[in-house]
Amino acid sequence: MKRALCFAVVLLATLGSAPHAAARELHWESLDVRARLDAEGLMHIEERQTMVFTGDWNGGERRFRLLGSQSVKLHGIRRVDPDTGRETELVRGKLNRVDHYDWTGSEVVRWRSRLPSDPPFDGTRILYILEYTLTGTLESVSAKTFAIAPDFVFPDRPGVIEHFSLDFDVDPVWKSDQEFPRVLERSNLGPGQGVVVAATLTYTGNGWPAAVPRPLPRWMHLLVFGLALLAMLWFVIDLWRHETTLGRFEGPDTPGTIDRAWLEEHLFELPPEVAGALWDRAVGPPEVAAVIARLVAEGKLESEIVEKPWYRGGNTLKLRRTIPIAGFSGYDRKLIAGLFVGKGDETDTDTIRKYYRSKRSGFDPSSKIRKD
């Protein structure tokens, strides 16, 4: 009785603690972004992510949404101790050690915050600082005019950002006729929400911004289009010449030119089943019938129609082999072996049907000749 009571207490304690241990929650207490667009067109960003972990999380990740020709260069990740403020530089490497990070794709970087053997997080705050540079954020609109619309928040995340702040600095070489926010704050940004700052900027420096790809001039677009058109034309001409040499475009022979000699050369030299397969572009029952008819004509088989009442299954085709099976070759032999299922020299449709029904397998005579 005492042992049973102890077991019940342990079981209830386990069930009561299981949901709590399995609960996983992640949100951001704050995300503070400092961004700077330099004179060359590069976007330098520092993110300070204060993450709050609950449950058995392994660590964090940052998903970059790169569009078009955009690319990212990560300079490093640092972890800040919440008590002492001491910064620890994360090491790029395998993710089986705490304070290691690595790319798991071209747009996803992950880092390790705890080992599987460590206790689960319980509302644990960890501050991570990411520094990176984005290229391709500027899109050419016209000569020296560019559009920019960076999203300073990563929408692909599982939790809420309680507080977001942005400090956006633009090099004086970039001018804008319209005001756009340089400093802003947001609260309670849910998963999927971002903060986009759109602006049209004019480059006042000399030449072209070094980090912005120069668009192809109009004549280059026309040249590429013209070369592609010439390549297509050359392909069509070459195909036409090739098909012409094969006689693809020649008209069919007229009935007046088809005589006995023409039939002997083009048709009668073929076995009937081959001519049928060429005509049907398939091998089926007509071709099987043609093989049987040819073997009968060659004297290797004899055929007979045995008439029966309709209630007994209708007429039956009876075949008799006049030569040993060794006298057949190729697909003729495969077909005969499939039709003559008994030990004798005779077979009929009823015998064939009963044989394959007893084997619980279908019989497709066409398959015996189709490959060859």
Side-chain angles (χ1 to χ4, degrees), residues 66-71 106 136 139-142 213-303 305 317 319 321-323 325-340 349 352 356 361-372:
L66 304 176
L67 305 176
S69 61
Q70 293 181 358
S71 62
S106 60
E139 182 179 352
S140 176
V141 177
S142 60
R214 187 186 292 269
L216 294 175
R218 183 176 177 81
W219 67 267
M220 185 68 72
H221 286 279
L222 295 175
L223 177 61
V224 172
F225 176 76
L227 291 175
L229 192 62
L230 287 175
M232 292 175 59
L233 183 61
W234 176 86
F235 173 78
V236 171
I237 293 175
D238 183 68
L239 178 65
W240 180 81
R241 289 176 176 174
H242 178 264
E243 296 297 300
T244 300
T245 58
L246 298 178
R248 302 288 192 191
F249 303 121
E250 294 180 3
D253 293 307
T254 61
T257 61
I258 299 178
D259 52 15
R260 179 78 184 184
W262 188 96
L263 293 174
E264 291 286 352
E265 178 183 359
H266 295 94
L267 181 61
F268 293 157
E269 68 169 2
L270 300 175
E273 64 273 11
V274 175
L278 291 172
W279 179 264
D280 297 337
R281 298 189 179 185
V283 176
E287 284 68 39
V288 174
V291 174
I292 295 174
R294 173 174 58 78
L295 294 176
V296 171
E298 293 174 355
K300 298 178 181 179
L301 292 179
E302 292 180 352
S303 65
I305 300 295
L317 173 64
L319 295 176
R321 199 173 61 230
T322 61
I323 63 173
I325 194 170
F328 298 90
S329 62
Y331 57 78
D332 292 352
R333 182 167 182 170
K334 295 178 184 178
L335 179 61
I336 294 302
L339 293 174
F340 286 80
T349 51
I352 297 170
Y356 287 103
S361 64
F363 176 54
D364 179 16
S366 306
S367 64
K368 302 295 183 181
I369 68 173
R370 182 176 292 115
K371 182 178 179 180
D372 295 333

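Start at 1 with the first residue, then count along the sequence.
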Check: Val296 and Glu302 side chains under 4.5 Å, non-hydrogen atoms: no
Spacing of Leu263 atom CG and Phe268 atom CZ [to the nearest 0.5 Å]: 4.5 Å
CA sep, side-chain torsions, deciding dist, call: Ile352, Phe340, side chain to side chain contact (heavy atoms under 4.5 Å, CB included): CA-CA 8 Å; Ile352 297 170; Phe340 286 80; over 6 Å; no
Any side-chain heavy-atom pair of Glu269 and Glu265 under 4.5 Å: no
Carboxylate-amine/guanidinium contact Lys300 Asp332, below 4.0 Å: no
Donor-acceptor pair, side chain of Ser69 and main chain of Gly136, under 3.5 angstrom: no
Atom of Val283, atom of Ala277 and distance for their closest heavy-atom approach: CG2-CB, 4.0 Å
Shortest non-hydrogen separation from Phe328 to Leu301 and the atoms involved: CZ-CD2, 4.3 Å
Close side-chain approach of Ser303 and Ile292, heavy atoms under 4.5 Å: no
Within 6.0 angstrom of Gln70 CD, more than 12 heavy atoms from elsewhere: yes
Asp280 (side chain) donor-acceptor with Ala282 (main chain) under 3.5 angstrom: no
More than 12 heavy atoms from other groups under 6.0 Å of CZ on Phe225: no
Nearest atoms (heavy-atom pairs only) where Asp259 meets Trp262: OD1-N, 2.9 Å
Criterion side chain to side chain contact (heavy atoms under 4.5 Å, CB included) on Leu295 and Val291, from CA distance to verdict: CA-CA 6 Å; Leu295 294 176; Val291 174; 4.1 Å; yes
Option among Glu287, Glu273, Arg370 that satisfies the side chain to side chain donor-acceptor pair (under 3.5 Å) test with Tyr331: Glu273
Heavy-atom pair of closest approach, residues Ser71 and Leu66: CA-CD1, 4.2 Å
Worked check of side chain to side chain contact (heavy atoms under 4.5 Å, CB included) between Ile369 and Lys334: CA-CA 7 Å; Ile369 68 173; Lys334 295 178 184 178; over 6 Å; no
Closest non-hydrogen atom pair, Ala275 against Leu267: CB-CD1, 3.8 Å
His242 side chain to Asp238 backbone, donor-acceptor under 3.5 Å: no
Separation between CG of Leu229 and CG of Leu222, rounded to the nearest 0.5 Å: 12.0 Å
Closest non-hydrogen atom pair between Ser366 and Pro285, with its separation: OG-N, 3.6 Å
Step-by-step side chain to side chain contact (heavy atoms under 4.5 Å, CB included) determination, Leu319 to Ile336: CA-CA 10 Å; Leu319 295 176; Ile336 294 302; over 6 Å; no
Side chains of Ile258 and His266 in contact at under 4.5 Å (non-hydrogen atoms): no
